[in-house]
Undergrad: 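Please read through the structure below; I'll follow up with questions.
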Amino acid sequence: MDEKKILGNMKKLAEDISVPESLKPEQIEKRLNKIPQKRDGSRFVKGAAGVAAACLVLVAGGMWFGRQMTGETTRGQEVVSSDSAAYPDVQRAEKKSGRTGTSYEILCDSINNYNEIREKDYLYETIDADTDDVLTGSADKSAESAGSASAVKKSFDDSSSNSISRENDFSDTDEQVEGIGEGDIVKTDGKHIFALCFTVNGSKIKIYNTTEKSADLVSDIKLKEMDVQEMYISGSKLIVTAQVWGKDSVSSSTSKSKAPINDISEVQILVYDVSDPAGPKKTASHTQSGNYNTSRLANGFLYTFSGYSVWGDGHKEEEPKTFVPCVDGTVLKEEDIAAVSGRDNNRYMVMTSMPIDNPKVLADTYSAFGGSNVYYMNEEHIYATEGFYDTDNPNFEQRTQITRFGYRDGIFDKQASTQVRGAIENSYYMHEYNGYFCYVYTRYKQDAPVNGLCVMDDRLEVVGEVSGLGKNETIYSSYYMDNMAYFVTYRNTDPVFAVDLSNPEKPKLVSELKLPGFSDYLHSFGEGMLLGIGQGEGERKNGFVYEALKLSLFEYDDEHQLKEKDMLLAAKNTSSQAGENHKAVFVDEERKLVGLAVQNYSTGEDSYHVYQFKNGKWKRVMKQADLSSFLNVRGLRIGQSFYVVDSDGISVYNINNWGLLSKKEK
């Protein structure tokens, strides 16, 4: 059980048990928030018997406990309810734009009911909607994690061209959808490197001036009592999203019921002018309630998503600040809150949009009551999902709430909502193709996992499905390329699946490849090729089997038939974060390069490796063996130079011969 699950249990128990101030959940949360986040849920076992099988499929999800209030429909095999059945008696406030909202009365009653039931029933040991963890059977997995990298990857410029300057020839954070920017802990504009590090007082962003041979520190930005989550560079602006360290919770009621607890967790958005990197200046800041989930940069706007939970059952309608999230200190209006789950709840998804060219004023604020922790976003839509267990179902069935929002010029628009059976693990298991929404799911029947792929129309009604894939297997990674879906499962068998989505009403399984080991990360690697990173087995001379980091290069033909062209096993007892955080992997499809931090869990060595696929074979071309930790390490390229950035400093290598040019300590 991870820190946030422990915290959720402690919050529930703390209402009945008197504990010292230093041990109250809010104080523990304050300390937990200071810990740099990493994705939990790596599925491989570090040991000789760890690898048994693999297969390629698609899926996503997060599971919560909740009291089901909506009835079932017969729209499709997987759909169990839609927003037409949710809150039929809800009092709605109309907005001139046509947006509908939910009254404070309904929100207050729902939260009080939900938390009262939680206190009485141990089954409501819930995972917060604002965590990064997802419950699928007995395995936890992060929402923003797992395994695949971008669905459509923007190619890098050809650095061999003399007409291209270093400023226009550099790598960027991998994007799941082309044109939808994603934040990271290290960024570059082609001239400078912006690197995040954590301090005892909060966070610090180091700004380096780069040359072909070195990286020199020119300034830093100190951010006290907050943990920076991600950064963006847009022109001369540095945009920072951070989690503010917790304060004491607020009790504001003296009712006979237990005093309500107001969740004071808060996300801060900061904008700096870095046109003069030696003297960065803060130009704007905003706050929104909750714990940071994720963000995206699209069409000139930053979209930020947080999860906000409300505790206690004594909330009063006339005191909305105790149970309604705030943006920039102002309680959200009724018309800006959409009820999406159709059941009693205590969680919100909070969304804001900030125009990059005028960041002092937010374009829109919106919230979905019912929460969400998994997001897929393309140029037209945002799909937000939240998983839960249906406690009214005799089989305690897993379900997922899916809500689709439109967004245009920074304005949010709720378009459709539905519930489906099964779990949707993370954003990389979702995809939109030709107006159809596709997702891979896992369901459990008699404790055995069953996987499938569904296609939905714009009303979120199922129009096509492939089921029964990877029986008794658990999905490890997925990857979409236009009309094709690839995914990997792991347990007892080892197929790699490819599904053709060209006909949305009849998705077709077109290839199945059996391989040893598994890939928990997939990425395109040039025309007709697919990169897989995961775990494989090796055998020593004495017959002892060991696990090792595995790189695979898959080829597929015009019929999408798959075969493994080459495979490389790293040193024994090694692993990476590839399956836990796709942003930690450097991929250069044109140069056929892969860079990632590697942990040797038998020797304790943390190192950074660069591999190249050349002449039909994988080869390691660089190793930096002195990392302080394999967490929070990034590799990036500017022109002919490759930079390894970790908490100790920046190392610079010549990308042509991989010779070390310089090493700077932070």
Side-chain angles (χ1 to χ4, degrees), residues 82-83 86-87 90 92-104 107 129-130 143 176-177 179-183 232 239 241 267 269 286-290 292-308 324-328 330-342 345 347-359 361-386 401-418 427 430 432 435 437 458-460:
S82 68
D83 55 3
Y87 289 118
V90 90
R92 299 191 180 276
E94 297 291 337
K95 193 173 182 179
K96 290 182 180 179
S97 65
R99 179 183 291 177
T100 58
T102 308
S103 73
Y104 291 156
L107 297 171
D130 49 22
Q176 181 181 7
V177 177
I180 308 298
E182 300 189 32
Y232 295 85
I239 305 165
T241 58
V267 172
I269 305 165
H286 299 281
T287 60
Q288 64 188 71
S289 295
Y292 181 81
N293 277 337
T294 191
S295 60
R296 296 291 188 271
L297 192 64
N299 301 320
F301 291 84
L302 176 74
Y303 296 89
T304 304
F305 307 90
S306 59
Y308 180 72
V324 177
C326 296
V327 173
D328 286 341
T330 301
V331 175
L332 291 183
K333 298 178 181 179
E334 292 175 320
E335 61 262 32
D336 294 330
I337 303 172
V340 299
S341 71
N345 219 307
R347 297 178 295 278
Y348 296 85
M349 174 182 72
V350 184
M351 305 184 289
T352 62
S353 61
M354 182 186 74
I356 304 303
D357 59 355
N358 184 22
V361 180
L362 293 175
D364 196 13
T365 61
Y366 201 42
S367 179
F369 181 64
S372 178
N373 71 330
V374 182
Y375 304 85
Y376 168 83
M377 182 171 174
N378 62 16
E379 291 186 345
E380 295 182 349
H381 301 118
I382 299 165
Y383 292 88
T385 71
E386 187 210 28
Q401 181 77 36
I402 304 173
T403 304
R404 188 178 74 175
F405 300 88
Y407 70 97
R408 185 174 182 181
D409 298 330
I411 306 300
F412 300 106
D413 172 33
K414 176 180 172 290
Q415 297 180 341
S417 186
T418 193
S427 64
M430 295 184 277
E432 190 176 78
F437 175 61
D458 58 359
R459 294 175 296 177
L460 295 185

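Fair warning: this is a prediction, and the values are worked out from it, not measured in the lab.
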Undergrad: Measure the shortest side-chain to side-chain distance between Phe437 and Arg404 over non-hydrogen atoms and say whether it is less than 4.5 angstrom.
TA: no

Undergrad: Verify whether one side chain among Tyr232 and Ser295 offers a donor that lies under 3.5 Å from an acceptor in the other.
TA: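 A pair is found: one side chain offers a donor N or O, the other an acceptor, under 3.5 Å apart.
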
Undergrad: Are any non-hydrogen side-chain atoms of Asn293 and Ser306 less than 4.5 angstrom apart?
TA: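 They are not in contact (no side-chain heavy atoms under 4.5 Å apart), so the answer is no.
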
Undergrad: Looking at every heavy atom in both Val331 and Cys326, which two are closest together, and how far apart are they?
TA: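 Where Val331 meets Cys326 most closely, the heavy atoms are CG2-SG, 3.7 Å.
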
Undergrad: Which heavy atom in Gly370 sits nearest to a heavy atom in Val340, and how many Å separate them?
TA: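 Heavy atoms of Gly370 and Val340 come nearest at CA-CG2, 4.3 Å.
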
Undergrad: State the CE-CZ distance between Met354 and Phe301, to the nearest 0.5 angstrom.
TA: 10.5 Å

Undergrad: If we ignore angles and hydrogens, is there a donor and acceptor under 3.5 Å between the side chains of Thr304 and Gln288?
TA: no

Undergrad: For residues Pro325 and Val350, report the shortest heavy-atom separation together with the two atoms involved.
TA: CB-CG2, 3.7 Å

Undergrad: Please round to the nearest 0.5 Å and tell me the distance separating atom CD1 of Ile411 and atom CG of Asp364.
TA: 4.0 Å

Undergrad: Report yes if some heavy atom in the side chain of Met430 is under 4.5 Å from a heavy atom in the side chain of Thr385; otherwise report no.
TA: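 Met430 vs Thr385: side chains touch.
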
Undergrad: Looking only at heavy atoms, which two atoms of Ala338 and Lys414 are closest? And how far apart?
TA: CB-CD, 3.6 Å

Undergrad: Where do Gly290 and Tyr308 come nearest, in terms of heavy atoms and distance?
TA: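 Of all heavy-atom pairs spanning Gly290 and Tyr308, the closest is N-CD1, 3.7 Å.
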
Undergrad: Contact between Arg408 and Asp413 at the side-chain level, heavy atoms closer than 4.5 Å - yes or no?
TA: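 No, side chains not in contact.
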
Undergrad: Going from OG1 on Thr365 to CG on Leu332, what distance comes out if it is rounded to the nearest 0.5 angstrom?
TA: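 Rounded to the nearest 0.5 Å, the OG1-CG separation comes out at 5.0 Å.
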
Undergrad: Apply the side-chain hydrogen bond (donor to acceptor under 3.5 Å, both in side chains) test between Gln401 and each candidate in Ser372, Ser417, Ser341; give the one that qualifies.
TA: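 Running side-chain hydrogen bond (donor to acceptor under 3.5 Å, both in side chains) over Ser372, Ser417, Ser341 with Gln401 returns exactly one hit, Ser417.
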
Undergrad: Is there side-chain contact between Met349 and Glu386, with heavy atoms separated by less than 4.5 Å?
TA: no

Undergrad: Any chance you could measure Tyr366, atom OH, to Met351, atom CE, to the nearest 0.5 Å?
TA: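 Answer rounded to 0.5 Å: 6.5 Å.
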
Undergrad: Taking the side chain as every heavy atom from C-beta outward, state whether Asp328 and Thr352 have any atom pair closer than 4.5 Å.
TA: no

Undergrad: Calculate, to the nearest 0.5 Å, the distance between atoms CZ and CG belonging to Phe412 and Asp336 respectively.
TA: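 Reported to 0.5 Å precision, the distance equals 10.5 Å.
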
Undergrad: Taking Phe305 as the fixed residue, which of Phe405, Tyr375, Tyr292, Tyr407 is the one that meets the ring-ring contact (aromatic ring centres under 6.0 Å, His included) rule?
TA: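 It is Tyr375, the one option of Phe405, Tyr375, Tyr292, Tyr407 that forms the ring-ring contact (aromatic ring centres under 6.0 Å, His included) with Phe305.
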
Undergrad: Please report the closest heavy-atom contact between Pro359 and His286, naming both atoms and the distance.
TA: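 Nearest heavy atoms, Pro359 then His286: O-NE2, 2.6 Å.
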
Undergrad: Would the distance check show the side chain of Thr102 and the main-chain N or O of Ile337 forming a donor-acceptor pair, the cut-off being under 3.5 Å?
TA: yes

Undergrad: Would you call the rings of His381 and Tyr383 parallel, tilted or perpendicular if under 30° counts as parallel and over 60° as perpendicular?
TA: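 Taking Tyr383 first and then His381, their aromatic rings stand perpendicular (interplane angle over 60°).
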
Undergrad: Between atom CG of Asp458 and atom CD of Glu380, what is the distance when rounded to the nearest 0.5 Å?
TA: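 So the gap between those two atoms works out to 11.0 Å.
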
